[in-house]
2 protein chains.
Amino acid sequence: MLKIDDYAVIMKNALSKNHSVVLGCSCEINYSGRAESFLPDGDRIIVIKEDKTLLVHQPTGSNPVNYMKAGTSHVLSIDGDKCVLKSKNGKEFMEIVMRRIHFFNYLKMNDGKSIVLTGTEKDMAEMLMKNPDMIEPGFKPFSMEEHTKYGFIDVFGTDKFNIITVVECKRYCADLSAVTQLRRYVEKIKDSKGIENVRGVIAAPRITPNALKMLQDWGFSFVEAKPPKYLEKFDKSQQNLHSFTE
Amino acid sequence: MLKIDDYAVIMKNALSKNHSVVLGCSCEINYSGRAESFLPDGDRIIVIKEDKTLLVHQPTGSNPVNYMKAGTSHVLSIDGDKCVLKSKNGKEFMEIVMRRIHFFNYLKMNDGKSIVLTGTEKDMAEMLMKNPDMIEPGFKPFSMEEHTKYGFIDVFGTDKFNIITVVECKRYCADLSAVTQLRRYVEKIKDSKGIENVRGVIAAPRITPNALKMLQDWGFSFVEAKPPKYLEKFDKSQQNLHSFTE
DNA sequence: TCGGATAGGCGCCCA
DNA sequence: TGGGCGCTTATCCGA
């Protein structure tokens, strides 16, 4: 069983060599920066990454209870029978006082790979550009170049009556803010083009009742559309992959 | 040096006993659910929490590259010289194929404490309720967080001329969406009360130029205000805490 | 660097 | 359970 001083020595060494560090400990934490926080003593898992990102995790939940962003400087010291980590990044400060260290590991991670992700809102907009009938028959999208020219509008074109139409995509459920966002775009186009008659469309798998009401109040319309998934290979092998019983 | 089969045995045991699990490994990952993703082989840190949250971290960045939310079921198996973790949560699936395990730890975490956080938007709204002159002389607040009746308005009251005024707080920099949000609240109030004259105010430390323009176009106004920080004790000891040289 | 917008966002509160 | 919304949001992308 290593003593806390021994952990401190190997931890200092690992940090200086830019290894990733993972440990389980009992600690209390002060943070001051964009906000301020105090977390009383309890068991946590702490990760310090090679870019000096610091994460503190409690035994539940997806998000770290405390964290520091990449580029933070970390200094470890011993204060009596406690191990203290002081972290600083600009105007942000954190102090972790470790009462006990349950385990400690470090690792030089070899990982240059980045994730390939599909089914995002961007994929959805591209799908609608390629299949404009999904919005409505006769819809003609402008080119992508023109799309970027007008800012952050997802899809942009003309309907069968040649009316300029702004389409806002949402990959999940469209809400009130999606409608106000669309409204802002439509007004932007009206303003910059000097045209009165501009249509607004929300394309999403579904929409909340309040959002639909506001949409209709503004004379906009809703089109049901789902984001595409390209990695069909994996889809097909799902039954196989998850053939275990729950 | 433990073999991958040995790791699998202790890992299965730890998972069944609802311990938190932390490991470093080389792995590749498939995910399918709200989107789909593939992550080629590389070194990662994996955490499985007691609520069955799964986090996969690369050596840089704050966010996990892959994850599964609380309540996921995890099944570990050996496939040749690989260790495979299959995870399932509703319509979401993940498969982690581990080529090599660098380290492994588990821990029954004892942590009932929750974080105390100040300097949030809610604190800011409370500050403005208690010090209405910060908005403007003569401002009288009605109530805070009008959740039920008129939406989720932060602060709500009357100005010195008894005009109904809606205040939207932002803890950081107010942007276009803050203005459209305020606009939506003001219109809601006008509509439900049948009153034409309703003022809109954004209270934030700062505001983007475009947002300010839109705000003014709509006859709304901007008030500079910062979220309060209460844990002054820690503030004062900052020099002391961070007296190390960088 | 700033601004704008998305996220497999998450987490919290409330009807 | 779903809607609405803040977040120490983080992260990406374009000007």
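Here is how names work: the chains are called A, B, and so on, in the same order as the sequence lines, proteins then strands, and each is numbered from 1.
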Taking the same atom, [atom1], in [N] and in [M], what whole-Å distance lies between them?
N: C/dT6; M: D/dC7; atom1: C1'; answer: 15 Å
N: C/dG8; M: D/dC5; atom1: P; answer: 22 Å
N: C/dA7; M: D/dG6; atom1: C1'; answer: 15 Å

Please pick, from [options], the nucleotide with the shortest atom-to-atom distance to any side-chain atom of [X].
X: B/K69; options: D/dG3, C/dC10, C/dG8; answer: C/dC10
X: A/N63; options: D/dC5, C/dG11, C/dG8; answer: C/dG11
X: A/A35; options: C/dT6, D/dT11, D/dT8; answer: D/dT8
X: A/T208; options: D/dC5, D/dG3, D/dT8; answer: D/dG3
X: B/M68; options: D/dG4, C/dT6, C/dG8; answer: C/dG8
X: A/C173; options: D/dT8, C/dG3, D/dG3; answer: D/dG3
X: B/R171; options: D/dC7, C/dG9, D/dC5; answer: D/dC7
X: A/D154; options: D/dC5, C/dT6, D/dT8; answer: C/dT6

In whole Å, I'd like the distance from the [atom1] atom of [X] to the [atom2] atom of [N].
X: A/L182; N: C/dA5; atom1: CG; atom2: C1'; value: 15 Å
X: B/Y172; N: D/dC7; atom1: OH; atom2: C1'; value: 13 Å
X: B/I115; N: C/dC10; atom1: CD1; atom2: P; value: 19 Å
X: A/F152; N: C/dG3; atom1: CZ; atom2: C1'; value: 7 Å
X: A/E92; N: D/dT9; atom1: CD; atom2: P; value: 8 Å
X: A/M124; N: C/dA5; atom1: CE; atom2: C1'; value: 15 Å
X: B/D175; N: D/dG6; atom1: CG; atom2: P; value: 11 Å
X: B/K122; N: C/dC13; atom1: NZ; atom2: P; value: 9 Å

Query - NZ or CZ of A/R199 within 45° of A/F220 ring axis and under 6.0 Å - result: no
Query raised in the report: Taking 4.0 angstrom as the limit, do A/E126 and A/K122 come out as a salt bridge?
Result: yes
Report summary line: 5'-most contact on DNA chain D (nearest-nucleotide basis), B/T60 vs B/T120, goes to B/T120
Report summary line: Comparing B/S62 with A/I207, nearest DNA chain D nucleotide closer to 5' gives the residue A/I207
Requested in this report: Report the C-alpha separation of B/V166 and B/V201 in whole Å, then their side-chain angles, then the decisive distance to 0.1 Å, and conclude whether the side chain to side chain contact (heavy atoms under 4.5 Å, CB included) test is met.
Outcome: CA-CA 6 Å; B/V166 176; B/V201 174; over 6 Å; no
Query raised in the report: Under 3.5 Å, is there a donor-acceptor pair between the side chain of B/N110 and the main chain of A/D43?
Result: no
Query raised in the report: Is there a donor-acceptor contact under 3.5 Å linking the side chains of B/N18 and B/E50?
Result: no
Requested in this report: Look at the side-chain N and O atoms of A/Q181 and state whether any lies under 4.0 Å from the OP1 or OP2 oxygen of C/dG4.
Outcome: no
Query raised in the report: OP1 or OP2 of D/dC7 less than 4.0 angstrom from a side-chain nitrogen or oxygen of A/R34, does that happen here?
Result: no
Query raised in the report: Got a sec: does the CZ of A/F142 have more than 12 other heavy atoms crowding it under 6.0 Å?
Result: yes
Query - Pair of N/O donor and acceptor under 3.5 Å linking D/dT8 base with A/N66 side chain - result: yes
Query raised in the report: Does the aromatic ring of B/Y67 sit over the six-membered base ring of C/dG8, closer than 5.5 Å centre to centre and tilted less than 30°?
Result: yes
